[in-house]
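This report refers to the structure that appears directly beneath it.
As the structure is a computational prediction, the values presented were derived from the model and not from experiment. Values below: every heavy atom of this structure, side chains too, minus hydrogens, waters and symmetry copies.
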Amino acid sequence: MIVAEVRGGNVRALMCKRSFTVPASNINWIRPIIGGRVGSASPSIPLSTRGFMSTTAHGGASPELHLPFDLAELDASPVRTGRLVLRPIRAQDADDVDAYQRLPEVVAYLPWPLRDREASHEHTALRARQRTLAGDGDAVALAIVLPGEPSLGGGGEGRVIGDLTFILTSAAHAQVGVGWVLHPDFQGRGYAREAATALLDLAAGLGAHRIAATVDAANEPSLALCERLGMRKEATFRHDRHDRTGWRDTVIYALTGAEWLGRRVSAADTTTSPGAH
């Protein structure tokens with residue numbers, strides 16, 4: 001079991017008999033969801049879930065996602081990373097979203113058509129109404145907001161420079177899918193990794209046993225991001241879909257929730273070890 005403990009502005013994480021302490025500012029994007037609620041900075045915040053703690057006869061974790069997961073808590077208390085704010089996407093984000101949905105180089109790697117402004121606004125409004133993960137196939141979207149960058153729609157909190165998708169693929173087997181898209185003008189600055197890291201934290205906090213990403217084989221930035229996140233390349237499906245450009249290949253990357261939490265513990269351990277800078 002992994003537990004985070006807040007003491008004097010620092011977060012102390014305990015994993016079995018090992019422990020480490022890191023500044024809260026370094027891991028303030030770990031906002032676990034327990035029973036559909038966002039964990040606050042209380043004296044003890046479980047980062048693992050019952051799914052990781054209960055074992056089967058074969059020694060593996062028995063799947064147990066904390067459902068339903070509703071976005072209501074993230075409206076009032078969004079996830080904050082070092083530079084970004086992640087919150088449920090809103091209909092009012094449509095102008096910012098349209099700025100990247102209409103770009104051919106973005107849509108080329110997504111199961112989206114090119115949309116004009118009206119269609120993009122309708123699509124954003126539809127995604128904004130999808131608020132709950134309860135059954136297989138449910139999906140929710142989180143806006144990646146960059147504070148200080150003026151919104152094209154005139155909002156005061158910052159510009160939506162991309163978004164994250166969180167899909168419940170199998171409740172019975174505690175499996176989720178994740179995805180991301182970022183405006184090209186904001187790529188190459190580490191924003192995608194920062195946002196994706198928070199999304200994987202969210203998935204693990206919800207109790208996901210397996211977290212997978214489906215990536216177009218030609219989408220080199222996303223393939224590289226999966227590698228940097230420590231996800232495992234598990235399969236390449238040749239010519240598994242056809243679009244206006246011809247046949248496309250799909251790559252599957254994945255890891256388990258326990259593997260992800262282990263990496264986070266390891267990374268924090270390295271950061272706080274003697275001589276680390």
How long is the gap from [atom1] on [X] to [atom2] on [Y], to the nearest 0.5 Å?
| X | Y | atom1 | atom2 | answer |
| --- | --- | --- | --- | --- |
| Asp138 | Phe69 | CG | CZ | 12.0 Å |
| Arg83 | Tyr191 | CZ | OH | 5.0 Å |
| Cys226 | Arg232 | SG | CZ | 12.0 Å |
| Leu133 | Leu206 | CG | CG | 7.0 Å |
| His183 | Asp185 | NE2 | CG | 4.5 Å |
| Glu194 | Leu84 | CD | CG | 4.5 Å |

Test side chain to side chain contact (heavy atoms under 4.5 Å, CB included) applied to Ala141 - qualifying residues, sequence neighbours left out: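 Per chain and number, Ala141 pairs via side chain to side chain contact (heavy atoms under 4.5 Å, CB included) with Ile89, Arg127.
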
Any heavy-atom pair between the side chains of [Y] and [X] that's under 4.5 Å?
| X | Y | answer |
| --- | --- | --- |
| Ile144 | Leu182 | yes |
| Pro104 | Leu114 | yes |
| Arg193 | Leu225 | yes |
| Arg87 | Leu142 | no |
| Leu86 | Val145 | no |
| Thr197 | Leu229 | yes |
| Trp260 | Met231 | no |
| Pro113 | Val107 | no |

Glu105, CD atom: more than 12 neighbouring heavy atoms under 6.0 Å: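 Above 12, so yes.
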
CD (Gln187) with more than 12 external heavy atoms under 6.0 Å: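 Buried by this count: over 12 neighbours within 6.0 Å.
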
Salt bridge (Lys or Arg N to Asp or Glu O under 4.0 Å) between Arg115 and Glu122, worked out: CA-CA 10 Å; Arg115 294 186 173 93; Glu122 290 175 357; over 6 Å; no

Verdict with supporting geometry, Leu110 and Asn219, side chain to side chain contact (heavy atoms under 4.5 Å, CB included): CA-CA 10 Å; Leu110 298 171; Asn219 189 352; 5.9 Å; no

Do we see a donor-acceptor contact under 3.5 Å between the side chains of [X] and [Y]?
| X | Y | value |
| --- | --- | --- |
| Gln101 | His123 | yes |
| Asp240 | Trp247 | no |
| Tyr100 | Asp163 | yes |
| Ser222 | Trp180 | yes |
| Thr250 | Arg241 | yes |
| Thr236 | Asp249 | no |
| His121 | Asp95 | yes |
| Asp93 | Thr124 | no |

Worked verdict on Glu157 versus Val85 for side chain to side chain contact (heavy atoms under 4.5 Å, CB included): CA-CA 9 Å; Glu157 65 174 0; Val85 175; 5.6 Å; no

Side-chain donor or acceptor of [X] paired with backbone N/O of [Y] under 3.5 Å:
| X | Y | result |
| --- | --- | --- |
| His173 | Gln175 | no |
| Arg263 | Gly230 | yes |
| Glu149 | Leu146 | no |
| Ser151 | Gly153 | yes |

Smallest separation among heavy atoms of [X] and [Y], with atom names:
| X | Y | value |
| --- | --- | --- |
| Leu152 | Ala99 | CD1-CB, 3.6 Å |
| Gly177 | Thr169 | N-CG2, 3.8 Å |
| Arg131 | Pro88 | NH1-CB, 3.5 Å |

If Ile, Leu, Val, Met, Phe, Trp and Tyr residues are connected whenever their side-chain heavy atoms lie under 4.5 Å apart, and connections chain through other members, are [X] and [Y] in the same group?
| X | Y | answer |
| --- | --- | --- |
| Leu67 | Leu71 | yes |
| Val97 | Phe186 | no |
| Val140 | Val160 | no |
| Val178 | Val181 | no |
| Ile167 | Ile252 | no |

Partner set under salt bridge (charged side-chain N to carboxylate O under 4.0 Å, His left out) for Asp136, not counting sequence neighbours: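 With sequence neighbours excluded, Asp136 shows a salt bridge (charged side-chain N to carboxylate O under 4.0 Å, His left out) to no residue whatsoever.
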
Lys/Arg-Asp/Glu bridge criterion (N-O < 4.0 Å) met for Glu234, Arg210: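 Result for this pair is yes, salt bridge flagged.
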
Check against side chain to side chain contact (heavy atoms under 4.5 Å, CB included), Leu168 and Leu65: CA-CA 10 Å; Leu168 177 57; Leu65 276 168; 3.4 Å; yes

Candidate pair Glu64 and His209, rule side chain to side chain contact (heavy atoms under 4.5 Å, CB included), full reasoning: CA-CA 8 Å; Glu64 189 174 1; His209 177 69; over 6 Å; no

